[in-house]
Amino acid sequence: MSELAWWQRAVIYQVYPRSFQDENGDGIGDLAGITARLHYLRALGADALWISPVYPSPMVDFGYDVADYCAIAPMFGTLDDFDRLVTHAHELGLKVLLDFVPNHSSDKHPWFTESRSSRDNPKRDWYLWRDPAPDGGPPNNWLSRMGGSAWEWDRLTGQYYYHAFLREQPDLNWRNADVRTAMDCVMRFWLDRGVDGFRVDVLWLLIKDALFRDNPPNPQFKAGEPDHHRQLQTYTEDQPEVHDIVRSMRATLDEYGERVLIGEIYLPVPQLVSYYGPNGDGANMPFNFQLISAPWNATEIARIVSEYDHALPLHAWPNWVLGNHDNPRVASRIGVRQARVAAMLLLTLRGTPTLYYGDEIGMTDGTIPPDRVQDPAELRQPGIGQGRDPERTPMQWDGSPNAGFSSGVPWLPISGGDGINVVDQDSKPSSMLMFYRRLLALRGSEPALVEGAIERVVSSGSVLTYERHLGDHRFFIALNMAGADAQVEVPQGTLVLSTTGCHEGERIEGPSLLLAGDEGIVIRASKPA
Ligand code: NOJ
């Protein structure tokens with residue numbers, strides 16, 4: 001096989017731990033639950049799981065407000081449970097990635113408690129404290145990503161502190177050397193326990209302007225957008241000094257052998273790819289979220305795929321993400337039929353794919369009654385559709401009222417849907433789950449689909465086509481991204497996979513065939529004579 005690292009060959013599966021499997025009946029998923037379901041992930045064909053935060057936390061932002069970076073929240077279990085999870089995962093050949101949240105802690109973290117206790121506390125400079133503006137108001141115009149000013153007044157010491165998200169999530173000061181050392185220790189704590197890498201939360205936000213200059217207004221702001229879109233984030237994101245930090249995180253990981261550093265970064269492609277580092281010494285994979293935000297049509301997707309491929313530095317390994325815990329589910333964004341096409345796209349593009357739990361069974365966004373809303377993004381900016389509860393509903397293991405997720409009352413309602421559960425789909429050949437399994441198996445057994453070049457990315461009407469190619473092995477992929485049938489030119493070969501399950505194994509003579517509406521196919525092209 002090839003020289004690729006495991007994470008270049010891997011399919012990553014995101015587990016949102018609160019919603020995956022609840023073993024202790026409190027209505028919230030836990031580590032023992034994840035461990036119990038590892039065989040499911042292996043059978044699916046995933047190679048690695050990324051677990052969203054499981055650290056002690058007041059859970060104001062469901063774990064993205066960390067109160068202790070080197071422990072496990074009791075609701076999720078214990079460090080022993082975590083060790084068991086890692087051991088069992090490794091026995092099954094699965095890698096384990098943790099969510100690392102270095103930009104901000106919880107306001108209940110002892111570091112912050114100390115920092116806010118007095119102006120001369122040794123940890124004062126671990127966070128971003130500023131004097132009020134001359135009128136007594138916030139020091140500058142920076143806005144929180146959860147709405148309102150990003151500055152919170154602290155009466156005790158008469159200064160404001162900065163929080164890019166909730167006031168309960170004060171930003172750490174990454175210009176402070178002790179913060180860097182402390183966070184380095186955190187990474188080592190988990191690496192020593194055997195984790196295989198990190199997904200780093202909001203990596204592009206770690207450093208803010210040293211002069212705390214006002215952000216300029218955003219001339220493109222539209223009503224209904226989140227509050228902070230009123231401004232260009234000129235001084236609050238993607239600052240040049242951030243790359244130093246990324247490099248040092250990567251250096252730490254590299255000491256441990258083949259580990260992976262993934263950055264959560266929402267930036268346009270030219271800036272995004274700079275996070276690979278000038279010499280490939282930055283993040284192994286700055287998450288590429290374009291498939292989440294792109295208009296779903298063949299022209300746009302062809303453009304995105306080609307532009308990304310061309311923008312990648314030579315040493316850089318691509319990656320693609322179709323869904324996560326911060327965005328509506330793919331089946332709700334583009335419909336269940338297109339969700340299969342999207343899966344085929346994700347798993348036949350060049351680059352490491354990341355799947356979001358439940359997408360493999362076609363879960364859709366849940367309906368959350370107003371009195372059950374949990375997400376602070378919704379509670380603090382109601383009515384503008386920022387709520388993330390709908391994509392975080394419990395994993396649907398079976399058709400019972402609690403979907404086999406919990407014996408207690410699930411923390412969010414079950415999204416449901418006829419047949420949208422693992423048990424019903426498990427042995428049904430036409431199910432989404434079976435389709436995913438076959439797709440992952442194909443990818444796993446065909447090096448051309450993993451490491452082969454991607455060529456001839458073309459859109460024609462509603463159809464996107466491209467080829468993957470390694471040595472003599474060539475695959476042709478055609479995806480009909482609309483509901484009407486479409487004629488498409490194809491090479492001679494064998495149809496190995498279709499989103500509809502039809503005609504698989506059949507010989508294709510070409511030069512064209514009729515692709516059904518919402519159908520995607522993979523053809524193994526005949527070897528050139
Ligand atoms: C990004 C995470 O994905 C999101 O869920 C969280 O609210 C923010 N970062 C703040 O940590």
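Numbering of ligands and ligand atoms starts at 1, following listing order. Remember, predicted model here, so these are calculated numbers, not experimental data.
Closest heavy-atom approach to atom 9 (N) of ligand 1 within the set D201, V101, N103, L205: this belongs to D201.
For ligand 1, the atoms closer than 4.0 angstrom to any heavy atom of D326 are 1 (C), 2 (C), 3 (O), 4 (C), 5 (O). Near F165, the atoms of ligand 1 lying under 4.0 angstrom from a non-hydrogen atom of the residue are 8 (C), 10 (C). Interface atoms of ligand 1 facing H104, defined by a heavy-atom separation under 4.0 Å, are 10 (C), 11 (O). Each of the following atoms of ligand 1 lies closer than 4.0 Å to a heavy atom of H325: 2 (C), 3 (O), 4 (C), 5 (O). If you number the atoms of ligand 1 from 1 as listed, the ones under 4.0 Å from a heavy atom of R388 come out as 4 (C), 5 (O), 6 (C), 7 (O). Set against the non-hydrogen atoms of R392, the atoms of ligand 1 under 4.0 Å away are 5 (O).
With 3.5 Å as the limit, one finds a donor-acceptor pair spanning the side chains of D196 and H90. Inspection of the H325 and Y64 side chains reveals an N or O donor paired with an N or O acceptor under 3.5 Å.
Remark: of the listed residues H163, H104, K208, K208 is the sole one forming a side-chain hydrogen bond (donor to acceptor under 3.5 Å, both in side chains) with D171. Here the rule is ring-ring contact (aromatic ring centres under 6.0 Å, His included) with W129, and of Y160, W151, F112 only F112 fits it.
R350 forms a cation-pi arrangement with W317, by the criterion of a distance under 6.0 Å to the ring centre and an angle within 45° of the ring axis.
Checked by atom type and distance alone, the side chain of D30 never pairs as donor or acceptor with a backbone atom of D22 at under 3.5 Å.
Residue-ligand proximity: R145 is placed with every non-hydrogen atom at 4.0 Å or more from ligand 1.
In this structure, atom 7 (O) of ligand 1 lies nearest to the protein heavy atom D61 OD2, 2.6 Å.
Taking the ring centroids of F287 and W320, they lie at or beyond the 6.0 Å cut-off.
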